[in-house]
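Please read the structure below before turning to the comments.
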Protein chains: 2
Amino acid sequence: MVTINDIARQAGVSRTTVSRVLNASGYVSHEARKAVEQVIKDTGYVPSEHAKSLRLKRTKAVGVIIPRISTETTSRIVDGISRAVEEAGYHILLANSNLQPEKEIEHMQFLESRRVDGIILLATNREARVTEALQNLKIPAAVVGQDFEDASSVIFKDYEAAGAVVRQLIAAGKTRIGFIGVDDSDEAVGRRRRLAYEDALHEAGITPEAAWVQTAGFDLPSGEKAAERMLQECVEVPDAVFAVTDRLAAGAQHVFQQRGYRIPEEVQIAGMGGTEIAAYMSPPLWTADYQYEEAGEEAVRLLMEQIQSGKKKVEKSRISYRLLNTDRLS
Amino acid sequence: MVTINDIARQAGVSRTTVSRVLNASGYVSHEARKAVEQVIKDTGYVPSEHAKSLRLKRTKAVGVIIPRISTETTSRIVDGISRAVEEAGYHILLANSNLQPEKEIEHMQFLESRRVDGIILLATNREARVTEALQNLKIPAAVVGQDFEDASSVIFKDYEAAGAVVRQLIAAGKTRIGFIGVDDSDEAVGRRRRLAYEDALHEAGITPEAAWVQTAGFDLPSGEKAAERMLQECVEVPDAVFAVTDRLAAGAQHVFQQRGYRIPEEVQIAGMGGTEIAAYMSPPLWTADYQYEEAGEEAVRLLMEQIQSGKKKVEKSRISYRLLNTDRLS
DNA sequence: GGTAAACATGTGATCGATTCCACAACCTAT
DNA sequence: ATAGGTTGTGGAATCGATCACATGTTTACC
């Protein structure tokens, strides 16, 4: 592989001069510059990023820690990150935590060993160890999806968005509104969306039956089971169901359809996420869409601000939502 | 940031000894080893990968070039790559080409400058410049999705899979089978799947109406338009439609449903990809599923073989398919 | 008791870049 | 003529690791 010394030798100058040409710094005579440029062109020389990183203590790379790439949410956020990072002249080192918190921490350390300039964490929870690892980090970081106190974060307006979806069901005349949520350990999707549901109902003077409120996991079968429990335990059958993710909502819709309920006339199903699933089902689910790509871009902005200023700055961005309750295909 | 010299000083040994402890090489006395290990633990020292890469001329990283991350196919392949790469102790440097061939080439060069140990390219086409860039590469590479002559490739049994889907339609008694394809410049999805359709029909003694064969792009609205053209131009309405992707099939199904055709009794829609969309639609689409995760893992295997042997070896892997024509949720 | 092998540790070069500093021309103003 | 600025160039240190080689100390065996 061609190095700066090869260029220097072939151009008949010192490697200092080559470096000056490369970085457009210091004084270089016209002839020297031309000679160096010619040799670089001939050899197809590309400076080694490693040597540069070692010397300059910056890598022009940001680490991105994700829980599974193959979900629509994650991949859309990464898409946004990828675009913004590229624009800033940086690159992505990807680390997949496969939903294991230990892996998240392990990867933070690994990324530090790679001396990336910053880390973007797509967080799934706010476990103490993760918070701690985040604080111990010697490099800038930004978190997407959860609100960590001591770190810049991009958060989704979960409470507002979930509230808006539920209020829309209420506005459509629904009064027996069921709920399929996830565990409260997930602050954003679990706790905040549930609170929004409870508050919206309370606000409208509705008291839900206990059976209408169910807790599930994150996969579709889990949504189906929750819907089955709801139907089995309830006294009055709901005329609407709000599930905290589209996937769960899809599971619920399948169950209600199988049991012969007419959708959406008898029971309107609503989810959250604005995923393709929601639009492609028939009838389409009601849902709320986050601009995930924008969230990714925003995370990069928060990170770059820290990298460029050299200071660990804590800033929050809140990503808004959009209600989708018509077939967006038309 | 802590370096090997800091460890050496604090442990009262030379950096060589620290290096020996780190790499479990050469002779180290029990006391020296213990002292070093203690200091490493206290300081949380992690060796710099850059210094290592520079010295050892290997990075323990593989570059992955993708066209847009936010499609199910891509993200599932990347998921597989991520798992396998992790297992081998390597990491991923991600580069997004956003479907632009120039970017693909640009990124190959960039990844070389980062001195990655190998490159995995999720290829969208077989343009001459890409082929050329691939040949000029000084480091091992593996391609997923297209068959490049001079590179190890993981290819999907497109012809066989598409043929199987169509034959299944025929076996179900369908005789007026429409087709929604994409441009032939895409060898795998465009050309091979179309050939499979034509051959399967020919084999069954069916001659399709010209209007039954339509070409579309890759997005859902494009599939809808193709279906509309089909219905408008045809003499006899098809009793089945085979689209080369699930997304296009979803578009077609929407159109046929809107026009009042009973699905699947009057018209059976089939796609390819085995995506979630296919399963969540009602009725579900017929489709064929590739083990994309496995394809990603396989690509890593092909790449690692080259990296470890130090030789550029050309090997082909063919990924099989699975027919999905029942509601896979049940 | 002497010599060779095994054990233990350190010195200095090296990887490929950047950058501080020294030095040499050459010009210009006093 | 001399001091001082501008321009152009290269030597050598540096970043953080690995490794060939040198060197010193034990242990083992005849």
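The structure displayed is predicted, hence computed values, not measured ones. Just so it is clear: chains get the letters A, B, ... in the order the sequence lines come, proteins before strands, and each one is counted from 1.
The base of C:dG12 lies close enough to the side chain of B:R15 for a donor and an acceptor atom to sit less than 3.5 Å apart. Between the base of C:dT19 and the side chain of A:T16 there is a donor-acceptor pair shorter than 3.5 Å.
For A:K52 and C:dC15, the NZ to C1' distance is 16 Å, given to the nearest whole Å. A:R115 places its CZ atom 10 Å from the C1' atom of D:dA17, with the value rounded to the nearest Å. In this structure, the CG atom of A:L54 is 14 Å from the C1' atom of C:dT19, given to the nearest Å. Rounded to whole Å, atom P of D:dG16 lies 12 Å from atom CD1 of B:I7. Rounded to an integer number of Å, the gap from A:I40 CD1 to C:dG16 C1' is 14 Å. Rounded to a whole Å, the CZ atom of B:R9 is 13 Å from the C1' atom of D:dG16. Atom NZ in B:K60 sits roughly 16 Å away from atom C1' in D:dA17 (whole-Å rounding). When rounded to the nearest whole Å, the span between CZ of A:R114 and C1' of D:dG16 equals 15 Å.
One finds a salt bridge joining A:D6 and A:R9 here, because a Lys/Arg side-chain nitrogen approaches an Asp/Glu carboxylate oxygen to under 4.0 Å. Taking 4.0 Å as the cut-off between side-chain N and carboxylate O, A:E305 and A:R301 count as a salt-bridged pair. Salt bridge status for B:R83 with B:E293: absent, with no side-chain N to carboxylate O gap under 4.0 Å.
Comparing D:dA17, C:dG16, D:dT7 by their nearest atom to the side chain of A:Y27 picks out D:dT7. In this structure, of D:dT9, D:dG10, D:dG16, it is D:dT9 that holds the atom nearest to the side chain of A:V28.
Remark: B:T17 is in phosphate contact with C:dG10, judged by side-chain N or O atoms under 4.0 Å from OP1 or OP2. The side chain of B:K57 contributes an N or O atom lying less than 4.0 Å from OP1 or OP2 of C:dG16. Contact check, A:S25 against C:dT19: no side-chain N or O comes under 4.0 Å of OP1 or OP2. Taking only side-chain nitrogens and oxygens, B:S14 never comes nearer than 4.0 Å to OP1 or OP2 of C:dT11.
Within the nucleic acid shown, A:V13 comes within 4.0 Å of sugar-phosphate atoms alone, with no base atom in reach, counting heavy atoms only. Within the 4.0 angstrom heavy-atom criterion, no nucleotide atom of any strand lies near A:N5.
Two residues are said to be in side-chain contact when any heavy atoms from C-beta on lie closer than 4.5 Å; A:I105 and A:E132 fail this criterion.
With hydrogens and angles disregarded, a donor-acceptor distance shorter than 3.5 Å links the side chain of B:S152 to the backbone of B:E315.
When each of B:H50 and B:R20 is assigned the nucleotide of DNA chain D bearing its nearest heavy atom, the one mapping closer to the 5' terminus is B:H50. For the pair B:E31 and A:Y45, both in contact range of DNA chain C, the more 5′-proximal nearest nucleotide belongs to B:E31.
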